[in-house]
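See structure below.
The sequence lines fix the lettering, A, B, ..., with proteins before strands; numbering per chain opens at 1. In this text, all values refer to a predicted model and were calculated from it rather than measured experimentally. Values reported hereafter were calculated over all heavy atoms of this structure, with side chains retained and with hydrogens, waters and symmetry mates removed.
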Protein chains: 2
Amino acid sequence: MNSNLEKKCMERGVRLTDQRKLIAKIMSESKDHPDVDELHQRVNKLDSKISIATVYRTVKLFEEAGIVEKHDFKGNKARYEQSPQEHHDHLIDINTGEIIEFVNEDIEKLQKKVAEKLGYKLVDHRLELYGSKIKK
Amino acid sequence: MNSNLEKKCMERGVRLTDQRKLIAKIMSESKDHPDVDELHQRVNKLDSKISIATVYRTVKLFEEAGIVEKHDFKGNKARYEQSPQEHHDHLIDINTGEIIEFVNEDIEKLQKKVAEKLGYKLVDHRLELYGSKIKK
DNA sequence: ATAATTGCAAATGCTTTGCTTGTGA
DNA sequence: TCACAAGCAAAGCATTTGCAATTAT
């Protein structure tokens with residue numbers, strides 16, 4: 001049974017090794033935003049011989065292939081997630097580290113408009129909200 | 001003649017050494033977003049004995065005192081600027097690296113709204129646009 | 001006077017890389 | 001077959017830190 005990401009690799013002609021299949025599987029199943037260490041640990045439960053260097057190389061490869069996204073949230077190491085169907089941004093709970101995904105079309109449009117007003121074509125952007133839970 | 005940042009240090013009881021005064025002066029005069037290396041070079045033109053460790057320690061100190069801001073734009077080392085009077089975000093030219101500041105109240109409001117809708121109090125945020133110049 | 005700061009070099013933490021052996025198409 | 005990938009350990013890069021000497025208040 002080949003995972004979501006494994007299929008994308010095949011489509012894009014990314015050579016599939018056992019290690020890559022496993023990393024693809026783990027990332028396909030992950031609903032959070034694991035860092036490389038975390039990925040390495042998860043993968044190692046299935047194959048304890050995979051080195052962390054391979055995990056680093058693979059996430060980079062996947063990122064360059066456009067099938068995973070890398071995030072550098074404030075003060076943390078890089079985190080990864082499978083490239084989503086539709087773009088979203090993130091809100092990070094500054095107390096727990098929990099990451100919440102959100103979509104806001106109005107903000108997206110405004111960003112594009114701002115860039116254009118400055119004479120730029122918007123190619124990429126980064127929007128992160130940092131907040132603390134309102135208790136009620 | 002004491003610089004803008006030097007005054008703020010005094011107000012906040014930050015002990016003023018010759019090195020700090022110089023770094024404060026350089027940062028007060030900088031209209032761009034220099035990284036630590038760049039700051040070190042600029043400072044060294046006035047006093048070639050200041051170590052890069054001191055520059056690192058000082059920008060961190062200034063940041064914690066709330067008088068300078070640190071930015072980690074994609075793929076670059078940390079850059080610093082004097083804390084501005086009014087908040088702004090940045091657009092980065094992906095071809096030249098040029099950094100353009102902008103303000104957009106609508107986006108600011110929407111961010112706050114999004115956070116609240118998710119049950120969070122917005123404490124901080126990061127908005128960066130990456131674009132390429134439209135030639136005409 | 002004395003607690004804080006500096007410079008230096010060594011240490012750190014994350015990430016990348018050279019090299020040799022192994023392997024997918 | 002054979003170009004490419006993996007594992008390991010070493011290297012790289014930005015940043016931090018321990019320590020002895022110096023300095024601001």
Expressed in angstrom and rounded to an integer, what is the separation of [X] atom [atom1] from [N] atom [atom2]?
{"X": "A/Asp72", "N": "D/dA14", "atom1": "CG", "atom2": "P", "answer": "15 Å"}
{"X": "A/Lys77", "N": "D/dA14", "atom1": "NZ", "atom2": "C1'", "answer": "16 Å"}
{"X": "A/Leu22", "N": "D/dA6", "atom1": "CG", "atom2": "P", "answer": "12 Å"}
{"X": "B/Glu38", "N": "D/dA14", "atom1": "CD", "atom2": "P", "answer": "14 Å"}
{"X": "A/Arg20", "N": "D/dA6", "atom1": "CZ", "atom2": "C1'", "answer": "9 Å"}
{"X": "B/Leu61", "N": "D/dT17", "atom1": "CG", "atom2": "C1'", "answer": "16 Å"}
{"X": "B/Phe73", "N": "D/dA14", "atom1": "CZ", "atom2": "C1'", "answer": "17 Å"}
{"X": "B/Asp47", "N": "D/dT23", "atom1": "CG", "atom2": "P", "answer": "12 Å"}

Subject >> Over 12 foreign heavy atoms within 6.0 Å of NZ, B/Lys74 >> reply: yes
Subject >> Residue A/Ile50, side-chain heavy atoms: nucleotide from D/dT15, D/dA6, D/dG7 that is nearest >> reply: D/dG7
Original post:
Within the structure shown, what part of the strands sits under 4.0 Å from A/Arg57 by heavy-atom distance: base, sugar-phosphate, or nothing?
Top reply: base
Original post:
Reckon B/Ile52 touches a base, only the sugar-phosphate, or nothing at all at heavy-atom distances under 4.0 Å?
Top reply: nothing
**OP:** Test for a donor-acceptor pair under 3.5 Å between the base of D/dA5 and the side chain of A/Arg15, counting only N and O atoms.
**Re:**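 Under the 3.5 Å cut-off, the side chain and the base do not form any donor-acceptor pair.
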Original post:
Is the A/His33 ring parallel, tilted or perpendicular to the A/His90 ring (thresholds 30°, 60°)?
Top reply: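 If you compare the ring of A/His33 with that of A/His90, the planes turn out perpendicular.
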**OP:** State yes or no: do A/Leu118 and B/Leu129 share one hydrophobic cluster built from I, L, V, M, F, W and Y residues joined by side-chain heavy-atom distances below 4.5 Å, directly or via other members?
**Re:** yes
Original post:
Do B/Leu127 and B/Leu110 share a hydrophobic cluster (ILVMFWY, side-chain heavy atoms under 4.5 Å, transitive)?
Top reply: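 Yes, it is one cluster - the side chains of B/Leu127 and B/Leu110 are joined through contacts under 4.5 Å.
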Original post:
What's the spacing between B/Arg42 CZ and B/Ile23 CD1 if we round to 0.5 Å?
Top reply: 13.0 Å
Subject >> Earlier contact from the 5' end, DNA chain D, for B/Tyr56 and B/Lys21 >> reply: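 In this pair, the answer is B/Tyr56.
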**OP:** Would you kindly compare B/Lys60 and A/Ser51 by the position of their nearest DNA chain D nucleotide and give the one closer to the 5′ end?
**Re:** A/Ser51
Original post:
Nucleotide range of DNA chain C contacted by chain A, 5' to 3', under 4.0 Å to a heavy atom?
Top reply: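 Nucleotide range with atoms under 4.0 Å of chain A: C/dC14 to C/dA25.
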**OP:** Before accepting this row, confirm whether a basic side-chain N of the pair B/Glu29/B/Lys25 lies closer than 4.0 Å to the acidic partner's carboxylate O.
**Re:**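 Yes.
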Over all atoms of both residues, closest heavy-atom pair of [X] and [Y]:
{"X": "A/Lys77", "Y": "A/Asp37", "answer": "NZ-OD2, 3.3 Å"}
{"X": "A/Val103", "Y": "A/His87", "answer": "CG2-O, 3.7 Å"}
{"X": "B/Val68", "Y": "B/Ser83", "answer": "N-OG, 3.3 Å"}

Subject >> Inter-axis angle, terminal five-pair segments of the helix from C/dA1-D/dT25 to C/dA25-D/dT1 [nearest 10°] >> reply: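 Here the helix ends are tilted 40° relative to one another.
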Subject >> Distance below 4.0 Å between A/Gln19 side-chain N/O and D/dG7 OP1 or OP2 >> reply: yes
Original post:
Going by distance alone, is a donor N or O of one side chain under 3.5 Å from an acceptor N or O of the other, for A/His71 and A/Glu128?
Top reply: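 Side-chain D/A pair, A/His71 to A/Glu128: absent.
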